[in-house]
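The structure under discussion appears below in the form of structure tokens.
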Amino acid sequence: MKYIFIGGLFPKEDEEQILNNTKSVAQFAANLLQWSIVDGLDSNLDKNILTVISSVFIGSYPKHYEKMIIQSKNWSHKIDANDKYVGFLNIIGIKHFFRALNVYRVLDE
């Protein structure tokens with residue numbers, strides 16, 4: 001059986017870029033909590049059974065974040081993992097619609 005974690009954590013290699021583009025407070029507590037959950041699941045599940053789908057928790061453009069478009073990409077939270085970083089249009093009022101739509105698209109693959 002395969003497990004999927006859907007959340008808003010950001011890959012550790014993107015942390016500096018996200019902090020540089022954040023104009024307000026970054027969601028560190030949410031990010032750390034989600035990483036703890038992922039680490040706990042990895043520790044208790046069989047090897048390479050967990051897939052992480054993340055649509056990062058950031059502020060809206062232009063007031064709280066520098067970028068209007070957040071790009072999708074493949075990444076790995078650990079060696080041999082096949083995770084997805086789901087992009088979206090980061091405009092206040094519509095960003096949550098695009099985040100949900102793109103997460104559903106990834107799940108449908």
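Everything quoted here is computed from the prediction, not taken from an experiment.
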### Query
What's in the same ILVMFWY side-chain cluster as Leu19, cut-off under 4.5 Å, chained through other members?
Phe28
Shared ILVMFWY cluster between [X] and [Y], side chains joined below 4.5 angstrom?
{"X": "Leu107", "Y": "Leu50", "answer": "no"}
{"X": "Leu41", "Y": "Leu33", "answer": "yes"}
{"X": "Phe98", "Y": "Val56", "answer": "yes"}

Starting at [atom1] of [X], measure out to [atom2] of [Y] and round the result to the nearest 0.5 Å.
{"X": "Asn90", "Y": "Met68", "atom1": "CG", "atom2": "CE", "value": "9.5 Å"}
{"X": "Tyr85", "Y": "Ser72", "atom1": "OH", "atom2": "OG", "value": "9.5 Å"}
{"X": "Leu32", "Y": "Gln27", "atom1": "CG", "atom2": "CD", "value": "11.0 Å"}
{"X": "Glu66", "Y": "Ile58", "atom1": "CD", "atom2": "CD1", "value": "11.0 Å"}

Show me the side-chain donor-acceptor pairs of residues 3-15 shorter than 3.5 Å, one per line, residues at least two apart or across chains.
{"unit_1": "Asp14", "atom_1": "OD1", "unit_2": "Lys73", "atom_2": "NZ", "d": "3.0"}
{"unit_1": "Asp14", "atom_1": "OD2", "unit_2": "Lys73", "atom_2": "NZ", "d": "2.7"}

Are the side chains of [X] and [Y] in touch, meaning some heavy atoms are under 4.5 Å apart?
{"X": "Leu101", "Y": "Phe88", "value": "no"}
{"X": "Gln71", "Y": "Ile69", "value": "yes"}
{"X": "Tyr61", "Y": "Leu89", "value": "no"}

Under the side chain to side chain donor-acceptor pair (under 3.5 Å) test, which residues partner [X], sequence neighbours left out?
{"X": "Ser55", "answer": "Arg99"}
{"X": "Ser76", "answer": "none"}
{"X": "Asn74", "answer": "Lys84"}

### Task
Measure from the side-chain N and O atoms of Asp108 to the backbone N and O of Tyr104, and report whether any donor-acceptor pair falls under 3.5 Å.
no
If every non-hydrogen atom of [X] is compared with every non-hydrogen atom of [Y], which pair is closest and at what distance?
{"X": "Gly59", "Y": "His64", "result": "CA-CB, 3.6 Å"}
{"X": "Lys23", "Y": "Lys63", "result": "CD-O, 3.5 Å"}
{"X": "Gly40", "Y": "Asn44", "result": "O-ND2, 2.8 Å"}
{"X": "Val103", "Y": "Val86", "result": "N-CG1, 3.8 Å"}
{"X": "Gln34", "Y": "Phe57", "result": "NE2-CE1, 3.4 Å"}

#### Entry: Of Thr51, Asp39, Val52, the residue whose pairing with His77 passes side chain to side chain contact (heavy atoms under 4.5 Å, CB included)
Val52
### Query
Please walk me through it: do Arg105 and Asn102 pass side chain to side chain contact (heavy atoms under 4.5 Å, CB included)?
CA-CA 5 Å; Arg105 285 181 180 163; Asn102 291 337; 3.4 Å; yes
### Task
Flag yes if more than 12 heavy atoms outside Ile92 fall under 6.0 Å of its CD1 atom; otherwise flag no.
no
### Task
Just grab all the salt bridge (Lys or Arg N to Asp or Glu O under 4.0 Å) pairs involving residues 51-60, residues at least two apart or on different chains.
none
